[in-house]
Amino acid sequence: SNGTITYTFATANKTITGTVKDGSGNALANVEVFVHRQGFGASIFTQTNTLGVFSLGVSDYGIYEIGAMMDGMPPVMKNIDVKNESGTKVYADGKDVTSNFVLTLKKASYTISGKVLDSSSNGIGYASVMGIDANGNTVFGQTSSDGSYNLFVDNGTWTARAELPSSKTDACGTWSK
């Protein structure tokens, strides 16, 4: 009625802490980790530190989806339940993982490496690269500043595809390995 819009913000005071590791149990640094409330809400993102540790804050108790992504590797996602039980507790698969929550990224058996080049043979940096297998499984990555990339894949026939950043207009195709 008076043209005033009031916003109410919730404090993200419930903390989810954990570690991202590879299939051999080694901690992984610089992995993107996200959490979002199932059914609605925007994701909250962070990145693991040099010890593979992450910490995310949420504002409500309830069921969330948490995941980890690293260029060239298949992402991992889990459902968790954040509960108020004499403080904040985190449950995954029915078990209390508050003090030992681990997300495991499985490094696949094979690597597809390459370089995305323009028509003058210059590397195209920061292009999206993806591999798709015959079953529709997809692995995403991005080229580095010199156009090189790595995709970690399982055994099978894969089609690799690059998508150019908006600053480039050269055509890119697909190829199979």
Closest contact, heavy atoms only, T15 versus S55
CG2-OG, 3.2 Å

If we check side chain to side chain contact (heavy atoms under 4.5 Å, CB included) with I44, which of these qualifies: V33, I16, V35?
V35

Walk me through it: do V58 and Y64 pass the test side chain to side chain contact (heavy atoms under 4.5 Å, CB included)?
CA-CA 9 Å; V58 296; Y64 290 84; 3.6 Å; yes

SB check K14 D60 (cutoff 4.0 Å):
no

OG1 of T19 to CG of L51: how many Å apart, nearest 0.5 Å?
8.5 Å

Give the minimum heavy-atom separation between M130 and E163, together with the two atoms involved.
CE-OE2, 3.4 Å

May I ask you to check whether N150 and T111 show a side-chain donor-acceptor distance below 3.5 Å?
no

Would you kindly confirm whether W158 and M70 end up in one hydrophobic cluster when ILVMFWY residues are joined by side chain heavy atoms under 4.5 Å apart?
no

Distance col, row I124:CD1 vs T143:OG1, nearest 0.5 angstrom, shows 7.5 Å

Go through it in stages, so that I can follow the logic: the residues are K78 and L103, the test is side chain to side chain contact (heavy atoms under 4.5 Å, CB included), and I'd like the CA-CA distance, side-chain angles, deciding distance and then a yes or no.
CA-CA 8 Å; K78 277 191 154 295; L103 289 169; 4.0 Å; yes

Measuring from I132:CD1 to T138:OG1, what's the distance to the nearest 0.5 Å?
5.0 Å

Regarding K83 and D96, does a basic nitrogen lie under 4.0 Å from an acidic carboxylate oxygen?
no

Quick one: do D81 and K89 make a salt bridge, cutoff under 4.0 Å?
no

Is a side-chain donor-acceptor pair under 3.5 Å present for D146 with S148?
yes

Note, T88 side chain near T98 side chain (heavy atom, < 4.5 Å)
no

Ring geometry between F34 and F45 (parallel below 30°, tilted from 30 to 60°, perpendicular above 60°)
tilted

Closest non-hydrogen atoms of T48 and L28, given as atom of the first, atom of the second and distance, are OG1-O, 2.8 Å

Distance only, no hydrogens: is a donor on one side chain within 3.5 Å (strictly under) of an acceptor on the other, for Y61 and E85?
no

Scanning both residues in full, the closest heavy-atom pair of V20 with A68 reads CG2-CB, 4.1 Å

Please lay out, stage by stage, how F140 and S128 fare under the test side chain to side chain contact (heavy atoms under 4.5 Å, CB included).
CA-CA 7 Å; F140 296 95; S128 295; over 6 Å; no

Do you know which two heavy atoms are closest between V153 and V139, and how far apart they sit?
CG1-CG2, 4.5 Å

N79: side chain to side chain donor-acceptor pair (under 3.5 Å) partners, not counting sequence neighbours
Q38

